[in-house]
Each structure stands twice: as structure tokens, then as C-alpha cells.
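Note sheet for the following structure.
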Amino acid sequence: MPDLLFEAPLVSPDEARLRERGARLERLLDELHGSVGPSAWPRVEALVTTLVELYEGGITRLVEHARAAAVDRDALDARLTGDEWVAGLLALHGLHPVPLEVRVTRALDEVHRAALTAGCKVELVAIERGAITLRLTHDSGASTSIARSLAAVAARAVEQVAPEVAVVDVQGLPATPPAATSFVSVERLVSGGRR
Amino acid sequence: MNALAPLSRFALAARRASAPPTCELCAAPLSDAHRHVVDREGRALLCACPCCALLFTDATRGKFRTVPERVRSDPWWTMTEERWRALGIPVKLAFIVYPSHLKRWVALLPGPAGVTEAEINPVAWAAVLRESPLAASVERDVEALLVRGQRDGSFECFAAPVDVCYELTAVTRSMARGPDGGIDGGVAVDAFFARLSARGAGAELGRHS
């Protein structure tokens, strides 16, 4: 599986195109929402939903055909899930072979190890349709800036593997703003022992 | 952030839209053609599975009553222009119901924005109930007197299930209003009434002397 925590410094043209499209989609939705007015916006949303419905139906059938005809189901699944673009689409449409909870738990395992070294713990609290809730707990000695950074990393890790989930909410963030001094880069914390 | 994340809420909406309907009383799966139960307190129409529909059929007390399936007409009585004007309903297509929570008869007018509620003249309605066995046979909450006035001044009247009347409002929702401000024509409405007539055929009220 691709590195869950950080975007690779060099992305393939495909990955770059995927990210660019995703960013453009978000920008367009924001711009339209701001400019079309309250009576037209529901129709914009209906338009996008209808398009998604059409492609969801098509992709679902496509995957069914491929799985039915595949000589080696595991090899097919490995291919599909190893391709970021395809894996994302499968997840979005409920077709990913790895259940949502497993994907999220695996992503959090990676963060968990790093969190422990900083005196923090990140747990999965709830998965409900449309929203995932995490909880961050930290020792009194743990730095609040690190806790916040870890919360952000955890949320990003979960978002990366679960595009079908609209909201990732992290509870337990320290209330006080982070101290301006003593910054420790999260990379340094996490990369210990990894490549 | 996954590049596809902006699509997540649309995918969710798409999934919900295609999720199979379930009974609103017991969550059993439903087929597309299903019965409805009226919640007399909330004036809601609930989708119901055959078991729940059976349970609340002919229920005389309590919150729920199943909408019956009969469509009836009366060849010996029809609405007239004077009677319609006396009722005070401003348009030519309406269904008259008795919702328990309102404790009176009201007219529901299908239109482009959905359904509009209108008061009817109670004296005029009492007269209709005296004259018309069809109107008198309309059950409270679950049925309606459905009336459609034609351009030639004639009227079509049915005692119809209230869920069928709401199906009509789905048809009229996308139509423009006619010159008199009401929805009375249109191919879709004609087709609806043709189907209704076919359903009601053979279920005409008898005349007792």
C-alpha cells in the first residue's frame, strides 16, 4: 500500500493529475456555492449526485465483471487497491475489498506508534455513516503542539484511506493554544526506524 | 486529504437515494408498490409493509390507520359549479379531507409548489354531505373526495385513498398553473384520472331508494 502518512515527495504523473482534479473539484464546488444563489445550488448538488450515481452503477458492474472473470481474485484485488486512483474510487462507492473499519484501524496503527513516543494516544471512537470520530488523549507532560500535530496527522491518515467518509472529527484536542517555543517536527518523531 | 474526498457527500447522497425503501413502522424492506398508514396525530403518511398495513386496517382508535385501496364514484351525483363556488375553493382540482388533528374538513390543492391547504365553507360542505352519498362515504384521515372540474363545467368526483391523492400532487408539482390559477389539465393529469376511473370501475356506489 502506498505510504499512508505522508505524500511522497515525488508523485507520479497519475497521482499528480488525481490530486489536481480533486483540488479543482473542491474549488469549483466552493465557487459555485458562493455564486449561484440558494435556489440554484440544490440543483447543482443534484447534478453532481446524479453523475456520481451513474458512475457508481457503472463502476460497481465493472468490478463485478472483473471479479467474476478473474483467474486470481487476490491478485486482482491487490492491483486494484494498490492503485491510488482506483482504490479511492472503490472506497468512495463501497467497493473496496478491505472494510472501512480495517482500513481506518490500519492507518491509525501507524500513527499510534508515533503517538506513544510523544505520550499521546489516538483511538478510534466511532464510525458512523458519513463521519469518523477519533479521540486523542495525552499525558500531562506531553507538549500541546505535538498533540495537535498528531491529531492533524491522524485525521489526514484516516482521510487518505477513507474518501467515502465526509467528516473526520478529533476529540480531546488541548484547549490552550500551542506554545510558540520548542517545536519538534513530527517527521522526526514518526520516521524513527522507518525509511 | 484524499483527492476524491470532495465527492464523499455526493456518494453518500447517491447511496441513500438508491437504498431500498423500508417500512416506516417496522423497518421491513418494501417493494416499490406498497401501502401507507396515516399517523393521525402528525398527519404524516407512512410507508408500510403488508403486515403493518394489515395491523392498522380499519383501526378506529389510536394513532395509526391504514389507507384503504378502494376508489369509488357515483354516477347519480356530481359536483356542480354553484356547489363548488359555495365551497369557496378557488381552483378546479382539489381533494377534500378530514385530518383528525385539524378536526375539520379542508381542501388540499395540488400545485407547482406541492400541496396548498385551503379552508372550505362548512355550511356548503354540510350540504354536499347531505346530498352526496359518495362524499358521505369518504373516511376521515385516510380517504378524500377528489374533484376535478373540466373546462366545459362538468366535474369528475371520486372517493379516493389519500395516498393516491398525494401521488397526484407529485404529478402536478412540475406543472405551471392554468389561467384560473389552478392545475386542471395536462396530459399527465388526464392519464392519472383515466387510471383512477379504470380502478373505480365496478366500484360505483349503489343508490338506495
Side-chain angles (χ1 to χ4, degrees), chain A residues 2 4 7 11 14-30 42 44-57 59-60 84-95 103 129-132 152 155-168, chain B residues 1-34 44-49 91 108-117 166-178 181-183 186-188:
Chain A
L4 292 170
E7 290 154 359
V11 297
D14 265 357
E15 283 172 43
R17 204 173 299 127
L18 174 61
R19 293 187 203 306
E20 191 271 320
R21 295 282 186 282
R24 192 201 297 179
L25 179 62
E26 197 155 20
R27 237 178 15 247
L28 282 168
L29 286 170
D30 277 341
V44 172
E45 287 187 312
L47 170 64
V48 180
T49 306
T50 308
L51 279 169
V52 169
E53 278 172 339
L54 277 170
Y55 277 94
E56 176 167 299
I59 291 174
T60 305
E84 191 186 353
W85 202 321
V86 174
L89 278 178
L90 294 182
L92 195 64
H93 298 297
L95 298 165
R103 276 181 271 138
R129 217 170 12 172
I132 285 178
R156 243 180 46 226
V158 167
E159 285 165 0
Q160 182 61 20
V161 299
E164 70 261 52
V165 172
V167 173
V168 177
Chain B
M1 169 72 83
N2 191 302
L4 297 167
L7 287 174
S8 68
R9 61 199 183 84
F10 298 103
L12 201 60
R15 200 82 52 73
R16 284 210 191 103
S18 64
T22 52
C23 176
E24 290 185 83
L25 295 150
C26 75
L30 287 177
S31 49
D32 285 336
H34 53 261
L45 260 188
L46 305 173
C47 299
C49 68
V91 298
L108 296 179
L109 319 180
V115 164
T116 317
E117 201 176 281
Y166 278 102
E167 271 173 46
L168 175 60
T169 68
V171 169
T172 59
R173 190 184 286 269
S174 52
M175 295 169 62
R177 287 199 179 275
I183 308 282
V187 172

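Lettering follows sequence order; numbering is per chain, from 1.
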*Between B:Leu4 and A:Leu89, which heavy-atom pair has the shortest distance, and what is it?*
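Reported closest heavy-atom pair: CD1-N, 3.3 Å.
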*For B:Ala3 and A:Arg19, work out which heavy atoms get closest and say how close.*
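Nearest pair, atom of B:Ala3 first, then A:Arg19: CB-CA, 3.9 Å.
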Checking [X] against chain B: side chain, backbone, both or neither under 4.5 Å from a heavy atom?
{"X": "A:Glu164", "answer": "backbone"}
{"X": "A:Leu18", "answer": "both"}
{"X": "A:Glu20", "answer": "neither"}

*asked:* With side-chain contact (heavy atoms from CB on, under 4.5 Å) as the criterion, how do A:Val165 and B:Ser8 come out once you've worked through the C-alpha distance, each side chain's angles and the decisive distance to 0.1 Å?
replied: CA-CA 6 Å; A:Val165 172; B:Ser8 68; over 6 Å; no
*Candidate list A:Arg24, A:Arg21, A:Glu26, test side chain to side chain contact (heavy atoms under 4.5 Å, CB included), partner B:Pro6, passing option*: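 Among A:Arg24, A:Arg21, A:Glu26, the one meeting side chain to side chain contact (heavy atoms under 4.5 Å, CB included) with B:Pro6 is A:Glu26.
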*Side-chain touch B:Phe10/A:Leu29, heavy atoms, less than 4.5 angstrom*: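 Contact flag for B:Phe10/A:Leu29 side chains = yes.
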*asked:* Only pairs of heavy atoms separated by less than 4.5 Å count here; which of A:Val168, A:Val52, A:Val48 has the most with chain B?
replied: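 Greatest number of close heavy-atom pairs with chain B: A:Val48.
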*Please determine, among A:Val167, A:Val158, A:Leu92, A:Leu51, the option with the most heavy-atom pairs under 4.5 Å with chain B.*
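Top count of heavy-atom pairs under 4.5 Å with chain B: A:Leu92.
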